[in-house]
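Numbering of residues begins at 1 and proceeds along the displayed sequence.
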Amino acid sequence: MGRGRVTLKRIENKINRQVTFSKRRSGLLKKAHEISVLCDADVGLIIFSTKGKLCEFASDASMESILERYERHSYEERNNTTTDEESIGKWTLEHAKLKSRIELLQKTQSHVMGEDLDSLSLKELQNLEHQMDTSIKHIRLRKNQLMTETISMLQKKEKALQNQNNTLSKKIIEVEKEQSQQPPVEQQNNDNMPSLHFSTFITTCEGRIDGPEKAIPRKGQPSIVLPPWMLQHINQ
């Protein structure tokens with residue numbers, strides 16, 4: 001007949017309870033020793049009987065070092081848990097502050113735009129008007145400053161362009177002066193014209209002398225027809 005399943009409850013019989021405690025204690029100590037050897041684990045086991053008798057087991061390390069390690073680990077766990085809770089609470093509070101600040105800024109922006117003014121009192125409207133007047137003064141001051149800077153920059157550019165214009169004008173005057181000192185080509189040609197007219201006149205006269213009807217030019221000289229008044233003068 002097989003062994004039945006044991007129901008976990010307090011054994012009412014004192015003798016049976018003491019026998020069960022002794023057997024299970026021995027098995028628990030054996031299991032603690034086995035897991036410490038097989039798994040290379042630090043094991044500390046403490047058992048108190050109903051009469052207050054202490055029974056303990058410690059692996060290669062002493063019970064004091066195991067308890068100290070346990071207390072240090074428990075302290076770090078508590079600190080980490082406390083830190084996490086404090087951090088969560090801190091971020092929650094910061095989130096609430098930022099949310100309220102954003103709502104206030106949005107409300108102020110709507111008031112500046114002239115919206116949602118029904119909820120404001122007379123004093124709040126006067127404060128809003130004063131803030132807007134101050135803002136307009138700052139805006140105008142900045143605008144005038146930018147206009148002054150722009151005008152000054154344009155004046156500097158105008159002065160630089162005027163200096164360049166004066167320099168170019170001086171160069172043009174110097175070039176015209178150099179050109180005026182050179183004799184023109186037309187004047188040189190006009191200086192040579194009297195000799196040409198005189199040679200032409202001599203040639204025509206020689207032709208008139210050789211024949212009264214027709215003036216024959218000499219070989220190598222051009223045939224030039226004289227105006228009628230000059231022919232009359234030569235015939236006379």
Take Gln18 and Ser22 through the side-chain contact (heavy atoms from CB on, under 4.5 Å) test and state the conclusion after the steps.
CA-CA 6 Å; Gln18 184 66 32; Ser22 299; 4.1 Å; yes

State yes or no: do Leu28 and Phe57 share one hydrophobic cluster built from I, L, V, M, F, W and Y residues joined by side-chain heavy-atom distances below 4.5 Å, directly or via other members?
yes

From Lys123 NZ over to Leu128 CG, what is the distance, rounded to the nearest 0.5 angstrom?
14.5 Å

Shortest non-hydrogen contact between Met63 and Gly44, atoms and distance:
CE-CA, 4.1 Å

Starting from Leu45, can I reach Val37 by hopping between I/L/V/M/F/W/Y residues whose side chains sit under 4.5 Å apart?
no

Would you compute the distance between atom NE2 of His111 and atom CG of Asn127 and round it to the nearest 0.5 angstrom?
12.5 Å

Checking Ser59 side chain against Val43 main chain: does a donor-acceptor pair fall under 3.5 Å?
yes

Mind running side-chain contact (heavy atoms from CB on, under 4.5 Å) on Phe21 and Ile11 for me, showing each step along the way?
CA-CA 10 Å; Phe21 175 76; Ile11 301 173; over 6 Å; no

Between CD on residue Glu129 and CE on residue Met132, distance to nearest 0.5 Å:
8.5 Å

Considering only heavy atoms from C-beta outward, does the side chain of Lys143 approach that of Met147 to under 4.5 Å?
yes

Do other residues, nucleotides or ligands put more than 12 heavy atoms under 6.0 Å from Ile15 CD1?
no

Say you draw a straight line from NZ of Lys31 to OG of Ser36; how long is it, rounded to the nearest 0.5 Å?
12.5 Å

Arg142 side, atom CZ; Asn144 side, atom CG - distance, nearest 0.5 Å:
11.0 Å

Answer yes or no: are there more than 12 heavy-atom neighbours, outside Asp40 itself, under 6.0 Å from its atom CG?
no

Would Lys14 and Arg17 satisfy side-chain contact (heavy atoms from CB on, under 4.5 Å), going step by step from the backbone distance to the final call?
CA-CA 5 Å; Lys14 185 176 180 181; Arg17 186 168 63 242; 3.8 Å; yes

Between Glu149 and Leu146, is a side-chain contact (heavy atoms from CB on, under 4.5 Å) present by the stated rule, with each step listed?
CA-CA 5 Å; Glu149 292 176 357; Leu146 288 177; 4.0 Å; yes

Are Leu67 and Ile46 side-chain neighbours, meaning at least one heavy-atom pair lies under 4.5 Å?
yes

Mind checking whether Arg69 and Asp42 have side chains closer than 4.5 Å, heavy atoms only?
yes

I'd like to know if Arg10 pairs up with Glu12 as an ion pair, taking the criterion as any Lys NZ or Arg NE/NH1/NH2 lying under 4.0 Å from an Asp or Glu carboxylate oxygen.
yes

Heavy-atom side-chain proximity of Val112 to Ser135 below 4.5 angstrom
no

Check whether more than 12 heavy atoms from other residues, nucleotides or ligands sit under 6.0 Å from atom CD of Glu124, and answer yes or no.
yes

Name the one of Asn165, Thr167, Ile172 that satisfies side-chain contact (heavy atoms from CB on, under 4.5 Å) with Ser169?
Asn165

Treating Ser74 as the side-chain partner and Tyr70 as the backbone partner, does any N or O pair qualify as donor plus acceptor under 3.5 Å?
yes

Evaluate whether atom CD1 of Ile35 has more than 12 neighbouring non-hydrogen atoms of other residues, nucleotides or ligands under 6.0 angstrom away.
no

Any non-hydrogen side-chain atom of Lys137 less than 4.5 Å from a side-chain atom of Leu141?
no

Atom CD of Gln126 and atom OG of Ser121: how far apart are they, to the nearest 0.5 Å?
8.5 Å

